[in-house]
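By convention here, the first residue in the shown sequence is residue 1. Values below: every heavy atom of this structure, side chains too, minus hydrogens, waters and symmetry copies. Computed from a prediction, not measured in an experiment: that's the story for all the values here.
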Amino acid sequence: MVTPSEVRSYPKMIFGNDINLRTLEERIFEAELVVSDMAGTTICDGGLVLGAFRNTAVEMGIPTGSEAFDSTMQQVRDTMGQSKIIAFRQIFNDESLALLANNKFEDNYKQMIAEKGAKEVPGASELFSTLRARMIKIALTTGFDKSIQDLLIDGLGWTNKIDAAICPTQEVKGRPEPDMIELAMKTTGVSSSQNILVVGDTASDIKSGRAAGVGLTIGVLSGAHSSGDLLSAGADLVLESILELTTLIYAFGRPIN
């Protein structure tokens, strides 16, 4: 593990414009809650999300290799991290078609998970254990609906390893809005948004954290977006994966009780 004295030269860490080592240390030490994305951050995506979108596009009559198909998939990439219905609304510009496509996507994704299984990003369970040992709570957020979120959490055996699981609903807006983070804060009883660390692999994760006024927004390169995308969205820090966050918690987190 990297010690505090070694963190300054740690090569797997990119600082945003408004953060320095001292602030990083303070924010991690004060953390009461980590709000983390799921697919691409704590769960290996392996192309399943894009695959489910591709299958859905074809089922909705958009032929592969067409200009419309390429445009659709680009729209999907651009909205990664957001509620899936948002992408479909932008693609079809028709609410009934968007809802139909969203239902097909959910069915396709569930089928792919059933066939291939869900796998955690290496180090996810270790991160959860590290946070629990230091009395830091963990909330998982997603752009999926509740049925898919529960399917993933149950399949990985995480039900008793986390403190909250939040997804978009009619009352709770998805990313990049701050609603899911605010609900996670309320659900877990955290005293201040400044004591929250937000972790995710997309620009929408980062924008949501910024909108919620959290203490630290952390991008990871294990999923959809590049370091440039994450930094442009306002990430305070970019790491290769959550393994590096575990390292920082070891280095700067509160001592184990």
Side-chain angles (χ1 to χ4, degrees), residues 37-41 43-116 118 140-153 155 165-183 198 200-212 219 222-226 228-230 232-234:
D37 172 53
M38 294 177 65
T41 303
I43 297 176
C44 293
D45 174 50
L48 295 186
V49 172
L50 284 178
F53 270 114
R54 288 190 191 98
N55 292 346
T56 301
V58 171
E59 290 173 9
M60 292 295 295
I62 304 175
T64 57
S66 67
E67 216 173 286
F69 185 85
D70 292 342
S71 175
T72 294
M73 294 312 297
Q74 187 57 53
Q75 187 68 48
V76 167
R77 293 183 185 93
D78 291 343
T79 56
M80 277 293 189
Q82 300 180 26
S83 299
K84 308 313 174 193
I85 189 65
I86 291 176
F88 290 121
R89 283 171 177 155
Q90 294 176 1
I91 291 165
F92 294 106
N93 198 30
D94 180 287
E95 186 66 15
S96 61
L97 288 178
L99 289 171
L100 176 61
N102 192 66
N103 290 336
K104 287 181 179 293
F105 167 81
E106 290 173 358
D107 290 341
N108 282 324
Y109 188 77
K110 288 175 183 177
Q111 182 178 347
M112 295 174 97
I113 288 294
E115 291 172 354
K116 299 185 179 182
L140 296 181
T141 58
T142 184
F144 295 129
D145 75 351
K146 188 65 174 172
S147 65
I148 292 180
Q149 186 179 45
D150 288 346
L151 178 68
L152 292 168
I153 292 172
I166 312 293
C167 67
T169 65
Q170 288 187 339
E171 294 78 26
V172 180
K173 294 178 182 178
R175 309 180 191 111
E177 302 301 324
D179 296 30
M180 290 197 293
I181 297 171
E182 291 170 351
L183 180 56
V198 164
D201 67 300
T202 70
S204 292
D205 294 307
I206 302 303
K207 290 177 181 178
S208 181
R210 300 288 287 192
S222 53
H225 288 167
S226 68
D229 295 329
L230 297 166
S232 294

In Å, rounded to the nearest 0.5 Å, how long is the span from CZ of F69 to CD1 of I62?
8.0 Å
Do E106 and I148 come close enough that some side-chain heavy atom pair is under 4.5 Å?
yes
Work out which heavy atom in D94 is nearest to a heavy atom in S96; give both atom names and the distance.
OD1-OG, 2.6 Å
If only side-chain N and O atoms count, and only distance matters, is there a donor-acceptor pair under 3.5 Å linking S226 with D229?
yes
For the residue pair D201 and T41, confirm or rule out a side-chain donor-acceptor distance under 3.5 Å.
yes
Determine whether I113 and L48 make a side-chain contact, defined as any pair of heavy atoms from C-beta on separated by less than 4.5 Å.
yes
Using the rule given for side chain to side chain contact (heavy atoms under 4.5 Å, CB included), can you reason through L152 versus Y109, listing the C-alpha separation, both sets of side-chain angles and the distance that settles it, and then say yes or no?
CA-CA 11 Å; L152 292 168; Y109 188 77; 4.2 Å; yes
Distance, nearest 0.5 Å, that separates CZ of F92 from OG1 of T72:
6.5 Å
If you compare all heavy atoms of P176 against all heavy atoms of A211, which two are closest, and at what distance to 0.1 Å?
O-CB, 4.2 Å
If only atom types and distance count, is the side chain of D179 paired as donor or acceptor with the main-chain N or O of K173 below 3.5 Å?
yes
Rounded to the nearest 0.5 Å, the NZ atom of K207 sits from the CD atom of E177 at a distance of 11.0 Å
In this structure, NZ of K104 is separated from CG of L97 (nearest 0.5 Å) by 11.0 Å
Quick one: do the R175 and T202 side chains pair a donor with an acceptor below 3.5 Å?
no
List the atom of V198, the atom of G209, and the distance in Å for their closest heavy-atom pair.
CG2-CA, 4.1 Å
May I ask you to check whether Q74 and D70 show a side-chain donor-acceptor distance below 3.5 Å?
no
Please find the pair of heavy atoms, one from A212 and one from I181, that lie closest to each other, and give the distance.
CB-CG2, 3.8 Å
Looking only at heavy atoms, the pair that brings A39 and V49 closest together is CB-CG2, 4.5 Å
Please examine the side chains of L99 and N102, heavy atoms only from C-beta on, and report whether any two atoms are closer than 4.5 Å.
no
Whether T142 side chain and C167 backbone form a donor-acceptor pair below 3.5 Å
no
Would you call the rings of F53 and F88 parallel, tilted or perpendicular, taking 30° and 60° as the class edges?
tilted
Steps toward side chain to side chain contact (heavy atoms under 4.5 Å, CB included) verdict (E59, N108):
CA-CA 10 Å; E59 290 173 9; N108 282 324; 3.3 Å; yes
Quick one: do the D205 and S208 side chains pair a donor with an acceptor below 3.5 Å?
no
If I take atom CG from residue L50 and atom CZ from residue R54, how far apart are they, to the nearest 0.5 angstrom?
5.0 Å
Determine whether K146 and T169 make a side-chain contact, defined as any pair of heavy atoms from C-beta on separated by less than 4.5 Å.
no
Closest heavy-atom contact between S66 and P63?
OG-O, 2.6 Å
Short side-chain to backbone donor-acceptor contact, S232 and G228, under 3.5 Å
yes
Check whether any side-chain N or O of Q149 sits under 3.5 Å from a backbone N or O of L140 as a donor-acceptor pair, and report yes or no.
yes
Test side chain to side chain contact (heavy atoms under 4.5 Å, CB included) on M60 and L100; report intermediate values, then the result.
CA-CA 9 Å; M60 292 295 295; L100 176 61; 4.0 Å; yes
